[in-house]
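As the structure is a computational prediction, the values presented were derived from the model and not from experiment.
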Amino acid sequence: MADNFDNDKLTSTLDVSSGGVSFLDGTYREALSLTREIRDYIAYQWRQDCEALSPMARLSASCESMRLTSRATQIMAWLFVQKALHAGEITLEEARAPERRLADQGVCTAFHDEGKVALPERMLELLQRSHDLYLRIQRLDAQLDR
């Protein structure tokens with residue numbers, strides 16, 4: 001798929017493992033992989049999946065694709081702040097600043113009601129995985145207040 005060279009460059013530039021924070025390494029790799037999957041799905045498959053949907057389901061799918069993007073963006077931003085914190089580039093006080101915390105929690109913790117509108121299976125899978133990961137990051141973010 002397109003842009004794989006950009007992903008490899010991004011991974012090597014922003015690899016958390018270089019910061020020596022092993023408990024974040026796996027989460028970072030998982031988040032980066034999920035972000036790529038979301039990007040690839042929206043770029044290459046989402047439109048085809050939505051063609052067969054009713055207008056109301058397409059609207060719902062559009063909203064959920066934005067939710068996917070928001071979750072992935074918030075997760076990666078939070079992990080980048082943690083990387084900077086553990087590398088000594090910012091202080092704990094700076095990491096605790098509201099603008100560096102996990103944001104859009106109302107949007108990102110909400111979940112698609114499958115009873116109202118059926119969405120494509122791949123989208124539902126990505127929604128579930130991104131929701132689960134966002135909730136894990138939310139719990140980690142709450143630990144900054146301790």
Legend entry - Heavy-atom pair of closest approach, residues S130 and R71: OG-NH1, 3.0 Å

Inset, instruction - For R96, enumerate each residue passing the side chain to side chain contact (heavy atoms under 4.5 Å, CB included) test, keeping only those at least two apart in sequence or located in another chain. - result: L92, R101, L144

Inset, instruction - Please list, chain by chain and in numerical order, all residues satisfying side chain to side chain contact (heavy atoms under 4.5 Å, CB included) with I42, sequence neighbours excluded. - result: I38, S65, T69

Legend entry - Nearest non-hydrogen partners of T35 and A72, listed with the distance: OG1-CB, 3.7 Å

Legend entry - Partner residues of E94 under the salt bridge (charged side-chain N to carboxylate O under 4.0 Å, His left out) criterion, sequence neighbours left out: none

Inset, instruction - Take atom CD of E99 as the centre, draw a 6.0 Å sphere, and report whether it contains more than 12 heavy atoms from other residues, nucleotides or ligands. - result: yes

Legend entry - For R129, all residues meeting salt bridge (charged side-chain N to carboxylate O under 4.0 Å, His left out), sequence neighbours excluded: E37, E125

Inset, instruction - Mind listing the closest non-hydrogen atom pair of Y28 and L79 along with its distance? - result: CA-CD1, 3.9 Å

Inset, instruction - Can you establish whether the number of heavy atoms outside R47 located under 6.0 Å from its atom CZ is more than 12? - result: no

Inset, instruction - Would you name the heavy atoms of L119 and A57 that are closest together and state the gap between them? - result: CD2-O, 3.9 Å

Legend entry - Nearest-0.5 Å distance, CZ of residue F111 to NE2 of residue H131: 6.0 Å

Legend entry - All pairs passing ring pair (Phe, Tyr, Trp, His ring centres under 6.0 Å) where residues 91-110 contributes a residue, at least two apart: none

Inset, instruction - Indicate the atoms forming the closest heavy-atom contact of L102 with W78, along with that distance. - result: N-CD1, 3.8 Å

Legend entry - Heavy-atom closest contact (A31 atom, I75 atom, distance): CB-CG2, 3.6 Å

Inset, instruction - Measure the CG-OG1 distance between L140 and T27 for me, rounded to the nearest 0.5 Å. - result: 6.5 Å

Legend entry - Counterpart residues, side chain to side chain contact (heavy atoms under 4.5 Å, CB included), relative to A84 (two or more places apart): E89, I90

Legend entry - Residue pairs fulfilling salt bridge (charged side-chain N to carboxylate O under 4.0 Å, His left out) with at least one residue in residues 49-63, sequence neighbours excluded: none

Inset, instruction - Output all residues satisfying salt bridge (charged side-chain N to carboxylate O under 4.0 Å, His left out) with E64, sequence neighbours left out; order by chain, then residue number. - result: R67

Inset, instruction - Output the distance between atom CG (L34) and atom CD (E30), rounded to the nearest 0.5 Å. - result: 7.0 Å

Inset, instruction - Measure the spacing between CH2 of W46 and CE of M123 and express it to the nearest 0.5 Å. - result: 6.5 Å

Inset, instruction - Applying side chain to side chain contact (heavy atoms under 4.5 Å, CB included), name anything that partners T109, two or more places apart in sequence or on another chain. - result: Y134, L135, Q138

Legend entry - Spatial distance of atom CG (D132) from atom CG (L127) [nearest 0.5 Å]: 10.5 Å

Inset, instruction - Examine M66 and L53 and state if one hydrophobic cluster contains both, with Ile, Leu, Val, Met, Phe, Trp and Tyr joined whenever side-chain heavy atoms are less than 4.5 Å apart. - result: no

